[in-house]
Amino acid sequence: MSRGDFREGLRGGFPIMLAASRFGALFGALAVDNGFSIADAVFMSATVYAGASQMVGIELFGSNVQPWLVVLSVFAVNFRHVLYSASLAKHIRHFSFVQKLIAFFLLVDPQYAETEQRGERGLPVTFAWYAGFGVVIYVPWLINTLIGAIFGQMIGDPKAIGLDVLLPIYFLGLVMSFRTRDRFLPIVAVSAVASVAAMHFVGSPWHVSIGALAGIVLAACMPPKRPAIEAHAVEKEA
């Protein structure tokens, strides 16, 4: 493993860690508020490691719903990770089997966004870089979950001070990082409309997956954009 690539990954993931730390603490506080023990909260962060679906899970646990519904709901929110892994396959095909298992475990939203953008810039996606970027987010996530679980009750209702809006703002920032891609606006618009409609007619958390699928369907139906040189050649022939 290249130490230089690992350190580069650590440096790249550090700002993300600072931004994500508050979500780890928020999850710890909400988990304890919904009846989890401190150990349960940390264990869920260590094994599930997916902020949005963790929060969906604890809310459902607090509502005393059937276990199969909790699992299905978490899967619905995490379905986007299936899409992430398919998109990243071309960048990590040189990883060993064990490295791929580790890579997919660490595959959260910022990990996907940064890896995809790194690959598009033509920079090598090495396992050392990937691991460094992931570890510097994962380990503090556990620590902040513990801190939130221990001290979270001191802040009272998180919604009263606006902490519930942090997650939507975070996801909006990730989406906007891809704004320079072709056909960004129509795909995002269709996804947003489909997600809002699904929220009203189907319910949460299925609106997340339905919105994503609507955007994928539109992208698949739209013709690929031809390179500028090829388009110019076609115009000359015409």
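For reference, positions follow the sequence shown, starting with 1. The figures here come from the full heavy-atom set of this structure, side chains too, leaving out hydrogens, waters and symmetry mates. Computed from a predicted model, the values in this text were never measured in an experiment.
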Please identify each residue that fulfils side chain to side chain contact (heavy atoms under 4.5 Å, CB included) with [X], with sequence neighbours left out.
{"X": "A194", "value": "A214"}
{"X": "A46", "value": "Y138, L142"}
{"X": "L83", "value": "F79, A212, I216"}
{"X": "L146", "value": "I38, V42, I150"}

Given Y49 and L106, is the side chain to side chain contact (heavy atoms under 4.5 Å, CB included) satisfied, shown in steps? CA-CA 8 Å; Y49 186 46; L106 294 174; 4.3 Å; yes
With sequence neighbours excluded, tell me which residues meet side chain to side chain donor-acceptor pair (under 3.5 Å) with [X].
{"X": "E8", "result": "R118"}
{"X": "T126", "result": "D5"}
{"X": "S45", "result": "Q54, W141, T145"}

Considering non-hydrogen atoms only, spot the tightest contact between [X] and [Y] and give its length.
{"X": "T47", "Y": "F105", "value": "O-CE1, 3.5 Å"}
{"X": "F133", "Y": "P110", "value": "CE2-O, 3.9 Å"}
{"X": "A41", "Y": "A31", "value": "CB-CB, 3.8 Å"}
{"X": "A50", "Y": "H81", "value": "CB-CE1, 4.5 Å"}
{"X": "A131", "Y": "F6", "value": "C-CE1, 4.0 Å"}
{"X": "I187", "Y": "G215", "value": "CG2-O, 3.8 Å"}

Could you note down all residue pairs passing salt bridge (Lys or Arg N to Asp or Glu O under 4.0 Å) where residues 82-95 supplies at least one of them, sequence neighbours left out? K90-E116
Does any pair with a residue in residues 184-202 pass salt bridge (Lys or Arg N to Asp or Glu O under 4.0 Å), and if so which ones, sequence neighbours excluded? none
Please examine the side chains of F95 and I102, heavy atoms only from C-beta on, and report whether any two atoms are closer than 4.5 Å. no
Check whether [X] and [Y] end up in the same hydrophobic cluster, where Ile, Leu, Val, Met, Phe, Trp and Tyr are linked by side-chain heavy atoms less than 4.5 Å apart.
{"X": "V139", "Y": "I137", "result": "yes"}
{"X": "I92", "Y": "L123", "result": "no"}
{"X": "L101", "Y": "W129", "result": "no"}
{"X": "V193", "Y": "F201", "result": "no"}

Could you give the side-chain donor-acceptor pairs of residues 10-21 under 3.5 Å, partners two or more places apart or in another chain?
unit_1: S21; atom_1: OG; unit_2: M17; atom_2: O; d: 2.6
unit_1: S21; atom_1: OG; unit_2: N144; atom_2: ND2; d: 3.3

Other than V217, what residues sit in its cluster of Ile, Leu, Val, Met, Phe, Trp and Tyr side chains whose heavy atoms are under 4.5 Å apart, directly or through others? none
For Y84 and L107, indicate whether the former's side chain and the latter's backbone hold a donor-acceptor pair under 3.5 Å. no
Donor-acceptor check, side chain of N34 to backbone of L30, threshold 3.5 angstrom: yes or no? yes
From F127 atom CZ to S2 atom OG, the distance as rounded to the nearest 0.5 Å: 12.5 Å
Separation between CZ of F36 and CZ of F27, rounded to the nearest 0.5 Å: 6.0 Å
Run the ring-ring contact (aromatic ring centres under 6.0 Å, His included) test against H91 and tell me which residues pass, sequence neighbours left out. none
